[in-house]
Amino acid sequence: MPRPRTLLLRRADLVVTMDAARREIAHGSVRIEDNRIVSVAAEADRDQAEQPADETIDLSGHILLPGLVNTHHHMFQSLTRAVPSAQDESLFGWLRALYPVWARLTPEMIRVSTMTAMAELMLSGCTTSSDHLYLFPNGARLDDQLEAAAVMGMRFHAARGSMSVGESQGGLPPDALVQTETEILRDTQRLIETFHDPQPRAMRRIAVAPCSPFSVSPALMRESAALARASGVGLHTHLAEDASDLAYSRERFAMSPAEYAEDLGWLGTDVWHAHCVRLDPPGIARFAATGTGVAHCPCSNMRLGSGIAPVRGMLAAGVPVGLGVDGSASNDGAHLLGEARQAMLLSRVLHAPSDGPPMNARAALEIATLGGARLLGRDDIGSLAPGMAADLVAFDLRAPAFAGALHDPLAALLFCAPQSVSLSVIDGRVVVRDGRLAVADLPLLIERHNALARALLAA
């Protein structure tokens, strides 16, 4: 049997473990064998520091932490950022403006936009991402995304989205963008059987993800839940995103969004819902009691004027909460560290000092790491400890943005302007080195992405 490849990350000014004891180790080091962490220790531990390694990276002047976890995204939307007709719309108007554009997506556009979105995420500190692809025009398939993720080397949870209720049936999307429920379920089953990997430290998993209450039928929601549970995979959808979404649920189903989800079997530890801006107190209580997760997307919710999700109340009740950058046409960025900062700041806007201590930097980082891992059903990512997947990121504390803030380097990471990573390791492989993407020719990728974006809008 060949000897494992070893990677030693040494002399980090601070190692933020997010382990069970939430240790923060000054002048720490992490040793990796192949794709897993084997030790985390202070540099003064001579046994660790002096063991030889195939590669040693000196992280003096850096903070080292677990890779961040993105729990909600629509990567194809990076082709339609800042589209003039959708810049000032709320959710339903924004969707109606962009559906006709997205109807012209091609398989190449799906692949290239996925690679671009993953590059942006990696540079922001993200090492694991979910993505919710829910429309498949012109021969596009989820397979196109999976191919792109394999090239980029990102740990990926591909959520097979779907829309089955078009305008003629009272839904929001054009009829041309919906699929039959038989087609949806058959293809979802194929994807699970072909690509889902349930093993520890898996790089690729599949989730079942009907799009939203206003684009799929209750029957498809129930059948999707049954399929996911029979296959042992997660369930994901949008819920209670804004006032229009809330009104649609009450008018169409005579239920609140949480009541609708519960009626369809969409509560449980295997379910995470995006947004939940309009989740009411009874809904929060049901989510907490059932371990149902929420992907908090603060930038998108502000961009579309949807409101501020009651995250503080969710956390206090025990609802699992992770972060999502959401689609790059409703954010319009994908900087996960920036999203964590925004979540921290926005929580302070919603709550007065009399409500108690505000969300702090450590709580925001926990949502971005362990919180996201929990939503995705993972106990092998989100912290730095022996046996965990070797997903780590380092930020250079010598950047101008951190000058004068090193009294508390972890807090500086969240309070100061969001920076790009200096180093990113995913599954034991260096994917960003010295601040530069190591897995793709980024200028060439961006050039092709921009050409496709122009073609998509020009059509």
[X] side chain near [Y] side chain, heavy-atom distance below 4.5 Å:
X    : Y    : value
S130 : L376 : yes
M344 : F415 : yes
L79  : T116 : no
R190 : D143 : yes
R429 : V439 : yes
D245 : P213 : yes
P257 : L279 : no
F195 : F156 : no

Least distance between heavy atoms, [X] atom then [Y] atom:
X    : Y    : value
M152 : A440 : SD-CB, 4.1 Å
L442 : A119 : CD1-CB, 3.8 Å
S383 : L370 : CB-CD2, 4.1 Å
M154 : L121 : CE-CB, 4.0 Å
S424 : T127 : OG-CG2, 3.8 Å
P173 : Y99  : CA-CE1, 3.5 Å

Problem - Ring-ring centroid check F214 F92, cutoff 6.0 Å - result: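 Judged by ring-centre distance (under 6.0 Å), F214 and F92 do meet the cut-off.
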Practice task
Taking the six-membered ring for Trp and the full ring for Phe, Tyr or His, determine whether the centres of F136 and F76 are under 6.0 Å apart.
Solution key: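 Centroid distance F136-F76: not below 6.0 Å, so no.
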Salt bridge (charged side-chain N to carboxylate O under 4.0 Å, His left out) contacts touching [range] (sequence neighbours left out):
range            : value
residues 315-338 : R303-D332
residues 170-180 : none
residues 333-350 : none
residues 101-128 : R81-E120, E108-R448, R111-D144

Exercise for the section: Ignoring hydrogens and angles, state whether a donor on the side chain of T182 or T180 is under 3.5 Å from an acceptor on the partner side chain. Expected result: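 Not at all, the side chains of T182 and T180 share no donor-acceptor pair under 3.5 Å.
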Any sub-3.5 Å donor-acceptor pair from [X]'s side-chain atoms to [Y]'s backbone N or O?
X    : Y    : result
H449 : S113 : no
S231 : V233 : no
N331 : V325 : yes

Problem - Step-by-step side chain to side chain contact (heavy atoms under 4.5 Å, CB included) determination, T290 to E262 - result: CA-CA 10 Å; T290 56; E262 184 167 29; 5.6 Å; no
To the nearest 0.5 angstrom, please state how far the [atom1] atom of [X] sits from the [atom2] atom of [Y].
X    : Y    : atom1 : atom2 : value
L91  : S244 : CG    : OG    : 7.0 Å
D242 : Y248 : CG    : OH    : 13.5 Å
L457 : T80  : CG    : OG1   : 7.5 Å
I184 : Y134 : CD1   : OH    : 13.5 Å

Exercise for the section: Check each of H275, H74, H273, H72 against H236 using the ring pair (Phe, Tyr, Trp, His ring centres under 6.0 Å) test, and report the only one that passes. Expected result: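 By the ring pair (Phe, Tyr, Trp, His ring centres under 6.0 Å) criterion, H236 pairs with just one of H275, H74, H273, H72: H72.
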Write out all pairs satisfying side-chain hydrogen bond (donor to acceptor under 3.5 Å, both in side chains) with one or both partners inside [range], taking only residues at least two apart or from two chains.
range            : result
residues 149-162 : R155-D391, R155-D427, H157-R378, R160-Q179, R160-D187
residues 191-210 : Q189-E193
residues 82-92   : none
residues 209-223 : E181-S217, S212-S215, R222-D263

With sequence neighbours excluded, what pairs up with [X] under the salt bridge (Lys or Arg N to Asp or Glu O under 4.0 Å) test?
X    : value
R229 : D270
R186 : none
E259 : none

Fill in the blank from the handout: Only one of E147, H73, Q145 passes side-chain hydrogen bond (donor to acceptor under 3.5 Å, both in side chains) with T114, and that residue is Q145
Under 3.5 Å, sequence neighbours excluded: what are the donor-acceptor pairs made by side chains of residues 304-323?
unit_1	atom_1	unit_2	atom_2	d
R312	NH2	D355	O	2.8
R312	NH2	G356	O	3.2
R312	NH2	P357	O	3.1

